[in-house]
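Heads up, the thing below is written out as C-alpha coordinates.
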Amino acid sequence: MAEVTLKDVALASGCSIATVSRVLAGTRPVGAETARTVRAAAERLGYRPNQVARALRSRSTGTVGLVLPQITNPFFLSLVRELEHALHAEGRAVLLADCDDDPATEAARIAAFLGRQVDALLLIPVDERRSREAVAGAAARVPLVLLDRGCGPGVADSVAVDNAAGMALVLDHLAATGRRRPCFVGAAGTASAAVERRAAYEAIAAALDPQAPGRIALGDFSVDWGRAAVDRLWPSRPDALICANDLIAAGALQRLRQLGADVPGEVAVTGFDDIPLAGLADPALTTVRQPVGELAAEAARLLGRSPGGEQGPRHTVRLAPRLVVRDSG
(Lines give C-alpha, C1' and ligand atoms only; values in the text may rest on other atoms or scores of the structure.)
Protein backbone atom coordinates (compact mmCIF):
# COMPACT_ATOMS: atom_id res chain seq x y z
CA MET A 1 0.00 0.00 0.00
CA ALA A 2 1.39 3.40 -0.97
CA GLU A 3 2.17 5.80 1.88
CA VAL A 4 -0.49 8.45 2.44
CA THR A 5 1.01 11.92 2.03
CA LEU A 6 0.06 15.45 3.03
CA LYS A 7 -0.94 16.01 -0.61
CA ASP A 8 -3.44 13.13 -0.37
CA VAL A 9 -4.95 14.60 2.80
CA ALA A 10 -5.11 18.03 1.12
CA LEU A 11 -7.02 16.62 -1.89
CA ALA A 12 -9.42 14.68 0.34
CA SER A 13 -10.13 17.66 2.61
CA GLY A 14 -10.24 20.36 -0.05
CA CYS A 15 -7.55 22.36 1.75
CA SER A 16 -4.08 23.45 0.75
CA ILE A 17 -1.03 21.39 1.69
CA ALA A 18 0.15 24.28 3.86
CA THR A 19 -3.12 24.32 5.80
CA VAL A 20 -3.04 20.55 6.27
CA SER A 21 0.55 20.78 7.54
CA ARG A 22 -0.40 23.50 10.05
CA VAL A 23 -3.35 21.49 11.36
CA LEU A 24 -1.49 18.20 11.76
CA ALA A 25 1.68 19.76 13.17
CA GLY A 26 -0.17 22.20 15.41
CA THR A 27 2.28 24.95 14.53
CA ARG A 28 -0.22 27.75 13.84
CA PRO A 29 -3.87 28.36 14.75
CA VAL A 30 -6.42 27.22 12.17
CA GLY A 31 -10.21 27.60 12.20
CA ALA A 32 -12.04 24.91 14.15
CA GLU A 33 -14.13 23.74 11.21
CA THR A 34 -11.11 23.54 8.90
CA ALA A 35 -9.15 21.63 11.55
CA ARG A 36 -11.98 19.11 11.98
CA THR A 37 -12.20 18.61 8.20
CA VAL A 38 -8.47 18.02 7.87
CA ARG A 39 -8.26 15.61 10.82
CA ALA A 40 -11.28 13.66 9.57
CA ALA A 41 -9.66 13.27 6.15
CA ALA A 42 -6.34 12.23 7.70
CA GLU A 43 -8.05 9.61 9.86
CA ARG A 44 -10.13 8.31 6.95
CA LEU A 45 -7.05 7.87 4.77
CA GLY A 46 -4.93 6.43 7.58
CA TYR A 47 -2.34 9.20 7.40
CA ARG A 48 0.67 8.79 9.69
CA PRO A 49 3.30 11.53 10.00
CA ASN A 50 6.80 10.78 8.77
CA GLN A 51 8.78 11.27 11.96
CA VAL A 52 12.15 11.23 10.19
CA ALA A 53 11.10 14.00 7.82
CA ARG A 54 9.59 15.95 10.69
CA ALA A 55 12.83 15.65 12.67
CA LEU A 56 14.85 16.93 9.72
CA ARG A 57 12.54 19.93 9.33
CA SER A 58 12.33 20.82 13.01
CA ARG A 59 15.83 19.70 14.05
CA SER A 60 14.13 17.82 16.87
CA THR A 61 14.10 14.02 17.13
CA GLY A 62 11.34 13.86 19.75
CA THR A 63 13.49 11.49 21.83
CA VAL A 64 14.86 11.58 25.36
CA GLY A 65 17.81 9.39 26.38
CA LEU A 66 17.51 7.75 29.81
CA VAL A 67 20.67 6.28 31.37
CA LEU A 68 20.33 3.97 34.39
CA PRO A 69 23.07 2.67 36.68
CA GLN A 70 21.54 -0.80 37.02
CA ILE A 71 18.38 -1.84 35.20
CA THR A 72 17.79 -4.83 37.49
CA ASN A 73 16.97 -2.56 40.44
CA PRO A 74 13.15 -2.68 40.75
CA PHE A 75 12.98 0.93 41.96
CA PHE A 76 14.58 2.13 38.73
CA LEU A 77 12.14 0.04 36.70
CA SER A 78 9.19 1.70 38.47
CA LEU A 79 10.71 5.09 37.72
CA VAL A 80 11.25 4.19 34.05
CA ARG A 81 7.59 3.25 33.75
CA GLU A 82 6.41 6.58 35.16
CA LEU A 83 8.89 8.55 33.07
CA GLU A 84 7.78 6.81 29.88
CA HIS A 85 4.16 7.67 30.65
CA ALA A 86 4.96 11.30 31.46
CA LEU A 87 7.07 11.85 28.35
CA HIS A 88 4.76 9.93 26.03
CA ALA A 89 1.99 12.32 27.06
CA GLU A 90 4.19 15.12 25.69
CA GLY A 91 4.78 13.28 22.41
CA ARG A 92 8.30 12.20 23.31
CA ALA A 93 9.83 8.74 23.00
CA VAL A 94 12.31 7.33 25.55
CA LEU A 95 15.54 5.55 24.61
CA LEU A 96 16.91 3.46 27.47
CA ALA A 97 20.50 2.51 28.31
CA ASP A 98 21.97 0.54 31.23
CA CYS A 99 25.56 1.13 32.34
CA ASP A 100 25.94 -1.68 34.92
CA ASP A 101 27.15 0.68 37.67
CA ASP A 102 30.26 1.61 35.69
CA PRO A 103 31.10 5.32 35.18
CA ALA A 104 33.10 4.63 32.02
CA THR A 105 30.19 2.75 30.46
CA GLU A 106 27.89 5.54 31.62
CA ALA A 107 30.02 8.14 29.82
CA ALA A 108 29.97 6.00 26.65
CA ARG A 109 26.16 5.67 26.79
CA ILE A 110 25.79 9.43 27.20
CA ALA A 111 28.08 10.04 24.23
CA ALA A 112 26.12 7.54 22.13
CA PHE A 113 22.84 9.29 22.90
CA LEU A 114 24.32 12.66 22.03
CA GLY A 115 25.56 11.15 18.78
CA ARG A 116 21.99 10.08 18.03
CA GLN A 117 20.93 13.70 18.58
CA VAL A 118 18.46 13.10 21.38
CA ASP A 119 16.60 16.23 22.39
CA ALA A 120 17.35 15.78 26.10
CA LEU A 121 18.83 13.42 28.68
CA LEU A 122 17.60 11.95 31.95
CA LEU A 123 20.22 10.36 34.13
CA ILE A 124 20.53 8.49 37.41
CA PRO A 125 24.29 8.91 37.88
CA VAL A 126 26.43 5.99 39.02
CA ASP A 127 28.64 8.06 41.28
CA GLU A 128 28.50 11.67 42.46
CA ARG A 129 32.16 12.38 41.71
CA ARG A 130 33.13 9.98 38.93
CA SER A 131 30.03 10.71 36.84
CA ARG A 132 30.44 14.49 37.08
CA GLU A 133 32.63 15.18 34.04
CA ALA A 134 30.42 13.31 31.56
CA VAL A 135 27.24 14.75 33.05
CA ALA A 136 28.53 18.34 33.00
CA GLY A 137 29.67 17.97 29.40
CA ALA A 138 26.27 16.66 28.31
CA ALA A 139 24.39 19.33 30.28
CA ALA A 140 26.30 21.96 28.30
CA ARG A 141 24.82 20.57 25.06
CA VAL A 142 21.23 19.46 25.75
CA PRO A 143 18.62 19.83 28.50
CA LEU A 144 19.57 17.31 31.19
CA VAL A 145 17.90 16.37 34.47
CA LEU A 146 19.38 14.14 37.16
CA LEU A 147 17.03 11.77 38.96
CA ASP A 148 17.28 10.21 42.44
CA ARG A 149 20.99 11.05 42.70
CA GLY A 150 23.07 14.15 42.14
CA CYS A 151 26.53 15.10 40.86
CA GLY A 152 27.21 18.05 43.12
CA PRO A 153 25.91 21.62 43.05
CA GLY A 154 25.66 23.54 39.79
CA VAL A 155 26.14 20.57 37.44
CA ALA A 156 22.56 20.04 36.21
CA ASP A 157 18.93 20.33 37.22
CA SER A 158 17.93 17.52 39.57
CA VAL A 159 14.93 15.97 41.27
CA ALA A 160 15.10 13.49 44.14
CA VAL A 161 13.40 12.46 47.33
CA ASP A 162 14.45 14.14 50.58
CA ASN A 163 16.65 11.32 51.88
CA ALA A 164 17.31 12.96 55.24
CA ALA A 165 13.58 13.36 55.86
CA GLY A 166 13.05 9.70 54.98
CA MET A 167 15.69 8.55 57.42
CA ALA A 168 14.20 10.78 60.13
CA LEU A 169 10.83 9.10 59.60
CA VAL A 170 12.42 5.68 60.10
CA LEU A 171 14.38 6.62 63.21
CA ASP A 172 11.43 8.41 64.83
CA HIS A 173 9.28 5.34 64.25
CA LEU A 174 11.89 2.98 65.71
CA ALA A 175 12.36 5.21 68.75
CA ALA A 176 8.59 5.23 69.32
CA THR A 177 8.55 1.43 69.24
CA GLY A 178 11.34 1.15 71.81
CA ARG A 179 14.35 0.34 69.66
CA ARG A 180 17.63 1.49 71.18
CA ARG A 181 20.43 -0.43 69.41
CA PRO A 182 20.04 0.35 65.69
CA CYS A 183 22.54 -0.39 62.97
CA PHE A 184 22.67 1.12 59.50
CA VAL A 185 23.22 -1.24 56.55
CA GLY A 186 24.09 0.80 53.49
CA ALA A 187 26.15 1.10 50.33
CA ALA A 188 29.75 2.21 50.04
CA GLY A 189 30.88 4.74 47.45
CA THR A 190 29.76 8.26 46.69
CA ALA A 191 26.40 7.82 44.99
CA SER A 192 24.54 10.74 46.56
CA ALA A 193 21.53 8.73 47.76
CA ALA A 194 23.84 6.34 49.63
CA VAL A 195 25.81 9.20 51.16
CA GLU A 196 22.74 11.21 52.18
CA ARG A 197 20.98 8.28 53.84
CA ARG A 198 24.10 7.30 55.74
CA ALA A 199 24.82 10.88 56.83
CA ALA A 200 21.24 11.34 58.04
CA TYR A 201 21.48 8.15 60.09
CA GLU A 202 24.72 9.33 61.68
CA ALA A 203 23.22 12.72 62.51
CA ILE A 204 19.95 11.46 63.97
CA ALA A 205 20.67 8.04 65.50
CA ALA A 206 22.62 9.40 68.48
CA ALA A 207 19.27 10.32 70.05
CA LEU A 208 18.57 6.58 70.38
CA ASP A 209 22.06 5.60 71.52
CA PRO A 210 25.33 7.59 71.60
CA GLN A 211 27.07 4.58 70.04
CA ALA A 212 24.55 4.21 67.22
CA PRO A 213 26.28 6.54 64.70
CA GLY A 214 29.27 4.19 64.72
CA ARG A 215 27.20 1.10 63.98
CA ILE A 216 27.38 1.14 60.19
CA ALA A 217 28.03 -1.62 57.68
CA LEU A 218 28.60 -0.73 54.02
CA GLY A 219 28.44 -2.91 50.93
CA ASP A 220 26.20 -2.28 47.92
CA PHE A 221 22.50 -1.94 47.08
CA SER A 222 21.87 -5.69 46.71
CA VAL A 223 20.04 -8.65 48.25
CA ASP A 224 23.36 -10.51 48.54
CA TRP A 225 24.83 -7.71 50.63
CA GLY A 226 21.78 -7.76 52.90
CA ARG A 227 22.39 -11.44 53.62
CA ALA A 228 26.12 -10.95 54.18
CA ALA A 229 25.53 -7.96 56.46
CA VAL A 230 23.38 -10.05 58.79
CA ASP A 231 26.17 -12.62 59.15
CA ARG A 232 28.52 -9.79 60.08
CA LEU A 233 26.18 -7.93 62.44
CA TRP A 234 23.87 -10.46 64.11
CA PRO A 235 26.42 -11.70 66.72
CA SER A 236 26.28 -8.21 68.30
CA ARG A 237 22.45 -8.42 68.46
CA PRO A 238 21.26 -5.02 67.16
CA ASP A 239 17.55 -4.49 67.76
CA ALA A 240 17.01 -2.71 64.41
CA LEU A 241 18.60 -2.99 60.98
CA ILE A 242 18.01 0.22 59.03
CA CYS A 243 18.67 -0.67 55.42
CA ALA A 244 19.49 1.89 52.75
CA ASN A 245 17.15 0.27 50.23
CA ASP A 246 14.57 -2.50 50.00
CA LEU A 247 16.87 -4.96 48.25
CA ILE A 248 19.30 -4.89 51.18
CA ALA A 249 16.37 -5.26 53.56
CA ALA A 250 14.97 -8.24 51.64
CA GLY A 251 18.30 -10.03 51.88
CA ALA A 252 18.55 -9.23 55.58
CA LEU A 253 15.05 -10.58 56.23
CA GLN A 254 15.83 -13.80 54.39
CA ARG A 255 19.04 -14.43 56.32
CA LEU A 256 17.50 -13.56 59.69
CA ARG A 257 14.72 -16.05 59.02
CA GLN A 258 17.33 -18.72 58.17
CA LEU A 259 19.08 -18.00 61.47
CA GLY A 260 15.81 -18.37 63.39
CA ALA A 261 15.68 -14.72 64.48
CA ASP A 262 12.31 -13.24 65.46
CA VAL A 263 11.43 -10.28 63.22
CA PRO A 264 10.26 -7.87 64.58
CA GLY A 265 10.38 -9.34 68.11
CA GLU A 266 14.17 -9.47 68.43
CA VAL A 267 15.09 -7.14 65.59
CA ALA A 268 13.19 -4.70 63.40
CA VAL A 269 14.14 -4.36 59.73
CA THR A 270 13.37 -1.32 57.60
CA GLY A 271 14.02 -0.46 53.98
CA PHE A 272 13.86 2.50 51.61
CA ASP A 273 12.02 2.94 48.24
CA ASP A 274 8.88 0.77 48.69
CA ILE A 275 9.42 -1.41 45.64
CA PRO A 276 6.70 -4.05 44.99
CA LEU A 277 8.85 -6.67 46.73
CA ALA A 278 8.50 -4.79 50.03
CA GLY A 279 4.86 -5.74 50.49
CA LEU A 280 5.54 -9.36 49.49
CA ALA A 281 8.44 -9.95 51.88
CA ASP A 282 8.01 -12.21 54.91
CA PRO A 283 7.31 -10.37 57.11
CA ALA A 284 6.10 -7.44 54.98
CA LEU A 285 8.69 -4.69 55.02
CA THR A 286 8.38 -1.36 56.79
CA THR A 287 9.96 1.12 54.40
CA VAL A 288 10.16 4.67 53.09
CA ARG A 289 8.02 5.24 50.00
CA GLN A 290 9.46 7.38 47.26
CA PRO A 291 6.84 9.39 45.29
CA VAL A 292 7.79 7.84 41.94
CA GLY A 293 5.00 9.47 39.94
CA GLU A 294 5.91 12.90 41.28
CA LEU A 295 9.60 12.30 40.55
CA ALA A 296 8.77 11.53 36.92
CA ALA A 297 6.40 14.47 36.56
CA GLU A 298 8.94 16.92 38.00
CA ALA A 299 11.68 15.54 35.77
CA ALA A 300 9.51 16.04 32.69
CA ARG A 301 8.65 19.56 33.86
CA LEU A 302 12.32 20.45 34.38
CA LEU A 303 13.22 19.10 30.95
CA GLY A 304 10.52 21.26 29.42
CA ARG A 305 11.82 24.45 31.01
CA SER A 306 15.55 23.77 30.61
CA PRO A 307 17.16 25.26 27.48
CA GLY A 308 20.35 23.22 27.82
CA GLY A 309 23.78 24.78 27.95
CA GLU A 310 25.59 26.19 30.96
CA GLN A 311 23.75 29.50 31.26
CA GLY A 312 21.40 30.20 34.15
CA PRO A 313 21.02 28.71 37.63
CA ARG A 314 20.41 25.01 38.17
CA HIS A 315 17.24 23.88 39.88
CA THR A 316 17.08 21.24 42.61
CA VAL A 317 13.73 19.73 43.59
CA ARG A 318 13.37 17.65 46.76
CA LEU A 319 10.15 15.69 47.26
CA ALA A 320 8.71 14.50 50.56
CA PRO A 321 8.81 10.75 51.30
CA ARG A 322 6.28 8.75 53.33
CA LEU A 323 6.83 6.00 55.87
CA VAL A 324 4.90 2.79 55.17
CA VAL A 325 4.65 0.74 58.37
CA ARG A 326 4.25 -2.99 57.86
CA ASP A 327 5.11 -6.08 59.90
CA SER A 328 8.92 -6.03 59.93
CA GLY A 329 9.27 -3.25 62.48
- With distance as the sole test, does Asp119 use its side chain to make a donor-acceptor pair with the main-chain N or O of Gly62 at under 3.5 Å? yes

- Atom CD in Glu266, atom CH2 in Trp234: separation rounded to 0.5 Å? 4.5 Å

- Query: Under a 4.5 Å cut-off applied to non-hydrogen side-chain atoms, are Cys15 and Thr34 in contact?
  - Reply: yes

- For the residue pair Arg257 and Gln254, confirm or rule out a side-chain donor-acceptor distance under 3.5 Å. no

- Query: For Leu45 and Ala12, which heavy atoms make the closest approach, and how far apart are they?
  - Reply: CD1-CB, 3.8 Å

- Item | Glu43 (side chain) donor-acceptor with Arg39 (main chain) under 3.5 angstrom | no

- Answer with yes or no whether the hydrophobic clustering places Leu247 together with Leu79; edges join I, L, V, M, F, W, Y residues whose side-chain heavy atoms lie under 4.5 Å apart. yes

- Message: Test your reading of the model: is there a side-chain donor-acceptor pair from Ser328 to the backbone of Val269, 3.5 Å cut-off?
- Response: yes

- Query: Is there a side-chain contact (heavy atoms from CB on, under 4.5 Å) between Asn245 and Asn73 once you walk through the steps?
  - Reply: CA-CA 10 Å; Asn245 82 344; Asn73 186 322; 4.1 Å; yes

- Query: Looking only at heavy atoms, what is the nearest atom pair of Cys151 and Leu146, with distance?
  - Reply: N-CD1, 3.7 Å

- Task: Go through the steps to decide whether Leu144 and Asp157 satisfy the test side-chain contact (heavy atoms from CB on, under 4.5 Å), and finish with yes or no.
- Result: CA-CA 7 Å; Leu144 185 151; Asp157 289 347; over 6 Å; no

- Item | Side-chain heavy-atom pair Ile124, Val67 within 4.5 angstrom cut-off | no

- Item | ILVMFWY cluster, Val263 and Ile242 together (side-chain gap under 4.5 Å) | no

- Item | Test item: side-chain donor near acceptor, Asp100 and Gln70, under 3.5 Å | yes

- Query: If every non-hydrogen atom of Leu174 is compared with every non-hydrogen atom of Ala268, which pair is closest and at what distance?
  - Reply: CD2-CB, 3.9 Å

- Ion pair Arg109/Glu106, N-O distance below 4.0 Å: no

- Take atom CD of Glu90 as the centre, draw a 6.0 Å sphere, and report whether it contains more than 12 heavy atoms from other residues, nucleotides or ligands. yes

- Task: Flag yes if Val135 and Phe113 sit in one hydrophobic cluster, no otherwise; membership is Ile, Leu, Val, Met, Phe, Trp, Tyr, and two members link when side-chain heavy atoms are under 4.5 Å apart.
- Result: yes

- Note on the structure: In short, Ala35 meets Val30 closest at the heavy-atom pair N-CG1, 4.3 Å

- Query: Between Arg149 (side chain) and Pro125 (backbone), is there a donor-acceptor pair under 3.5 Å?
  - Reply: yes

- Query: Would you say Trp225's side chain and Gly186's backbone share a donor-acceptor pair under 3.5 angstrom?
  - Reply: yes

- Could you check if a side-chain atom of Asp162 sits within less than 4.5 angstrom of a side-chain atom of Pro321, using non-hydrogen atoms only? yes

- Task: Check the hydrophobic clustering (I, L, V, M, F, W, Y; side-chain heavy atoms under 4.5 Å; chains of links allowed) and say if Val145 and Phe75 are grouped together.
- Result: yes

- Query: Side chains of Ser222 and Asp220: do they bring a donor and an acceptor to under 3.5 Å?
  - Reply: yes

- Task: Compare all side-chain heavy atoms of Leu95 with those of Val64 and state whether any distance is below 4.5 angstrom.
- Result: no

- Does a donor on one side chain sit under 3.5 Å from an acceptor on the other, for Thr287 and Asp274? no

- Query: Does Ile275 offer a backbone N or O that forms a donor-acceptor pair with the side chain of Asp246 under 3.5 Å?
  - Reply: yes

- Tyr201 side chain vs Ala244 backbone, donor-acceptor pair below 3.5 Å: no

- Atom pair CZ/CZ of Phe221 and Phe76 - distance to nearest 0.5 Å: 8.0 Å

- Supply the atom-to-atom distance Leu147 CG to Leu295 CG, rounded to the nearest 0.5 angstrom. 7.0 Å

- Task: Please check if any side-chain donor atom of Glu128 sits under 3.5 Å from a side-chain acceptor atom of Ser192, or the reverse.
- Result: no

- Query: Sub-3.5 Å donor-acceptor pair from the side chain of Arg92 to the main-chain atoms of Leu87, do we have one?
  - Reply: no

- Is Arg215 salt-bridged to Asp209, cutoff N-O under 4.0 Å? yes

- Message: Looking at every heavy atom in both His173 and Gly329, which two are closest together, and how far apart are they?
- Response: NE2-O, 3.1 Å

- Residue pair Ser16 / Thr19, side-chain donor-acceptor N/O under 3.5 Å: yes

- Query: Cationic tip of Arg198 within the cone over Phe184's six-membered ring, i.e. under 6.0 Å and within 45° of the normal?
  - Reply: no

- Query: Got Arg255 and Asp231 here, is their nearest side-chain heavy-atom distance under 4.5 Å?
  - Reply: yes

- Is it true that a side-chain atom of Ser21 and a backbone atom of Ile17 form a donor plus acceptor pair closer than 3.5 Å? no

- Task: Find out if a path of hydrophobic residues (ILVMFWY) with successive side-chain heavy-atom gaps under 4.5 Å connects Val292 to Leu303.
- Result: yes

- Take Thr63 and Val94 through the side-chain contact (heavy atoms from CB on, under 4.5 Å) test and state the conclusion after the steps. CA-CA 6 Å; Thr63 56; Val94 178; over 6 Å; no

- Message: A quick test of your reading: do over 12 heavy atoms of other residues, nucleotides or ligands sit less than 6.0 Å from CD of Gln258?
- Response: yes

- Task: Determine, for Asp101 against Arg130, whether the closest basic-nitrogen to carboxylate-oxygen distance falls under 4.0 angstrom.
- Result: no

- Task: Locate the shortest heavy-atom distance separating Thr270 from Ala249; write the atom from each residue and the value.
- Result: O-CB, 3.8 Å

- Query: Thinking salt bridges, do Glu84 and Arg81 make one under a 4.0 Å N-O criterion?
  - Reply: no

- Quick one: do Glu202 and Ile216 satisfy side-chain contact (heavy atoms from CB on, under 4.5 Å)? Show the steps, please. CA-CA 9 Å; Glu202 292 172 336; Ile216 291 177; 3.2 Å; yes

- Item | Steps toward salt bridge (Lys or Arg N to Asp or Glu O under 4.0 Å) verdict (Asp172, Arg179) | CA-CA 10 Å; Asp172 287 349; Arg179 308 292 173 170; over 6 Å; no

- Is it true that Glu196 and Arg318 make a salt bridge, defined as a side-chain N closer than 4.0 Å to a carboxylate O? yes

- Arg326 and Val324, any side-chain heavy atoms less than 4.5 Å apart: yes

- Query: Could you give the distance from CG (Leu122) to CG (Asp148), rounded to the nearest 0.5 Å?
  - Reply: 12.5 Å

- Is there a side-chain contact between Leu241 and Leu233 (heavy atoms, below 4.5 Å)? yes

- Query: What distance do Ser13 atom OG and Arg36 atom CZ have between them, rounded to the nearest 0.5 Å?
  - Reply: 14.0 Å

- Message: Quick check for you: to the nearest 0.5 Å, what is the distance between Ser78 atom OG and Gln290 atom CD?
- Response: 10.0 Å

- Message: With a 3.5 Å distance limit and no angle check, can you tell me whether Asp239 reaches the backbone of Arg180 through a side-chain donor-acceptor pair?
- Response: yes

- Query: Is the closest side-chain heavy-atom distance between Val161 and Asn163 below 4.5 Å?
  - Reply: yes

